[in-house]
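One structure is given below, encoded as structure tokens.
These values consider heavy atoms only, across backbone and side chains, with no hydrogens, waters or symmetry-generated copies. Residue numbers run from 1 in the order of the sequence given.
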Amino acid sequence: DLNKDQLAVAILGCPDHRLISSYAVTFQKLLAKPCAIMIFDKNTDHLQKMATVYQHDVTNPFPVKPFDIIYSHVLLKFIPKDKQYSVLRNSYDALADGGMAIHFLDEQDVTLLGDKLPDGWNTVALKDHEKELDQKGIKYFEVATDVTEFIPEKYENSVHGVKTVALVITK
């Protein structure tokens with residue numbers, strides 16, 4: 001509910017504790033509201049002992065909810081393929097009415113064939129996950145981005161996140 005005085009935002013996976021304040025600033029600017037940011041990560045050793053950080057495996061239901069926004073950036077490729085849908089479902093279940101979960105994926109995560117990406121992580125069977133969402137009556141849409149025109153050609157193949165797909169789940 002964007003009419004609330006403060007929005008609850010869950011970040012799934014965080015590679016560096018320095019990003020936590022960036023997430024807070026970004027979401028507050030985007031939504032023009034104060035945001036309470038909570039970070040959920042399976043391993044929190046790298047995130048220091050901050051009050052807003054929860055050690056939690058997001059393939060399991062969230063211990064705290066509801067959230068207005070749930071956000072992940074290339075998280076699903078780090079999740080075993082047979083548990084990826086559970087992350088999407090748990091995100092939906094943890095949303096407040098009117099909330100949205102935004103899961104960004106690198107384009108190659110969803111377009112490469114096979115089970116593994118070149119870096120050894122997992123591909124994401126996005127169409128299969130969307131089929132499951134359809135079967136459960138869960139609303140979603142995709143947003144594709146391509147910023148290759150802003151990347152010098154010599155770096156185009158070495159920079160991740162140039163082409164992305166966001167799966168946005170709404171409640």
Side-chain angles (χ1 to χ4, degrees), residues 1-110 116-117 119-124 126 129 132-133 138 140 142-143 145 147 159-162 164-171:
D1 180 7
L2 294 178
N3 294 320
K4 295 190 316 191
D5 291 334
Q6 183 178 48
L7 300 175
V9 178
I11 308 295
L12 311 185
C14 184
D16 190 308
H17 72 274
R18 294 172 292 183
L19 291 173
I20 296 172
S21 61
S22 298
Y23 287 134
V25 169
T26 299
F27 281 102
Q28 288 180 47
K29 284 186 177 187
L30 281 172
L31 302 169
K33 296 238 183 236
C35 294
I37 305 289
M38 292 183 177
I39 308 292
F40 294 92
D41 206 314
K42 189 173 182 177
N43 180 353
T44 59
D45 295 341
H46 63 291
L47 298 175
Q48 301 179 343
K49 300 293 181 210
M50 303 177 84
T52 60
V53 173
Y54 291 83
Q55 185 170 7
H56 178 68
D57 179 347
V58 295
T59 64
N60 296 315
F62 288 82
V64 178
K65 54 186 168 186
F67 294 99
D68 300 294
I69 305 285
I70 296 176
Y71 173 83
S72 75
H73 184 258
V74 297
L75 172 73
L76 290 181
K77 77 178 196 175
F78 298 108
I79 306 292
K81 287 185 73 103
D82 64 337
K83 294 186 176 191
Q84 290 173 356
Y85 177 76
S86 65
V87 175
L88 302 176
R89 181 59 199 234
N90 291 336
S91 296
Y92 175 79
D93 290 343
L95 287 174
D97 288 340
M100 70 173 58
I102 307 161
H103 298 279
F104 273 95
L105 306 156
D106 280 341
E107 181 186 59
Q108 75 168 0
D109 298 354
V110 299
K116 295 292 182 186
L117 296 166
D119 59 11
W121 295 109
N122 304 297
T123 56
V124 178
L126 185 59
H129 299 324
E132 289 184 76
L133 292 170
I138 297 173
Y140 67 88
E142 283 185 24
V143 178
T145 63
V147 294
V159 176
H160 290 282
V162 173
T164 64
V165 175
L167 177 65
V168 181
I169 298 171
T170 60
K171 193 170 206 179

Trace of the salt bridge (Lys or Arg N to Asp or Glu O under 4.0 Å) decision for K77 with D119: CA-CA 10 Å; K77 77 178 196 175; D119 59 11; 2.9 Å; yes
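- Side chains of M100 and I169 form no contact here, defined as non-hydrogen atoms less than 4.5 Å apart.
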Quick one, F27 with Y71, criterion ring-ring contact (aromatic ring centres under 6.0 Å, His included). Give me CA distance, side-chain angles, the key distance, then yes/no. CA-CA 10 Å; F27 281 102; Y71 173 83; 5.6 Å; yes
Checking E142 against L126 for the side-chain contact (heavy atoms from CB on, under 4.5 Å) test, could you report, in this order, the C-alpha distance in whole Å, the side-chain angles of both residues, the deciding distance, and whether it holds? CA-CA 10 Å; E142 283 185 24; L126 185 59; 3.6 Å; yes
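- How far OH of Y23 is from OG1 of T52: 12.0 Å, rounded to the nearest 0.5 Å.
- Remark: the backbone N or O of I79 is paired with a side-chain donor or acceptor of Q84 at under 3.5 angstrom.
- Put simply, CZ on F67 and CG on D93 are 13.0 Å apart, with the number rounded to the nearest 0.5 Å.
- A donor atom on one side chain and an acceptor atom on the other are found under 3.5 Å apart for T164 and T145.
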Given T123 and K81, is the side chain to side chain donor-acceptor pair (under 3.5 Å) satisfied, shown in steps? CA-CA 7 Å; T123 56; K81 287 185 73 103; 2.7 Å; yes
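- To the nearest 0.5 Å, atoms CD1 (I69) and CD1 (I11) are separated by 9.5 Å.
- Annotation: the span from Y92 atom OH to I138 atom CD1 amounts to 5.5 Å, rounded to 0.5 Å.
- Listed for the H56 side chain is no donor-acceptor partner under 3.5 Å among the backbone atoms of V64.
- A donor-acceptor pair is defined here as one N or O able to donate and one able to accept, closer than 3.5 Å; no such pair exists between the side chain of T44 and the backbone of D41.
- Side-chain contact between L105 and L75: absent, with no pair of heavy atoms (C-beta onward) separated by less than 4.5 Å.
- Taking NZ from K65 and CD1 from I70, the interatomic distance works out to 9.5 Å, rounded to the nearest 0.5 Å.
- Here the side chains of D68 and V9 are not in contact, with every heavy-atom distance at 4.5 Å or above.
- For the pair N122 (side chain) and K116 (backbone), a donor-acceptor distance under 3.5 Å is absent.
- Annotation for D5 and K33: closest pair O-CD, 4.2 Å, computed over non-hydrogen atoms.
- Counting heavy atoms from C-beta on, the side chains of N90 and F62 come closer than 4.5 Å.
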Which is it for L133 and L167 under the side-chain contact (heavy atoms from CB on, under 4.5 Å) test, yes or no, and what are the steps along the way? CA-CA 11 Å; L133 292 170; L167 177 65; 4.2 Å; yes
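- The shortest heavy-atom contact between I20 and C14 is CG1-SG, 4.0 Å.
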Take L88 and H103 through the side-chain contact (heavy atoms from CB on, under 4.5 Å) test and state the conclusion after the steps. CA-CA 8 Å; L88 302 176; H103 298 279; 3.6 Å; yes
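- With rounding to the nearest 0.5 Å, the separation of NZ in K171 from OG in S91 is 10.5 Å.
- A tilted orientation is assigned to the rings of F104 and H73, their planes being inclined by 30° to 60°.
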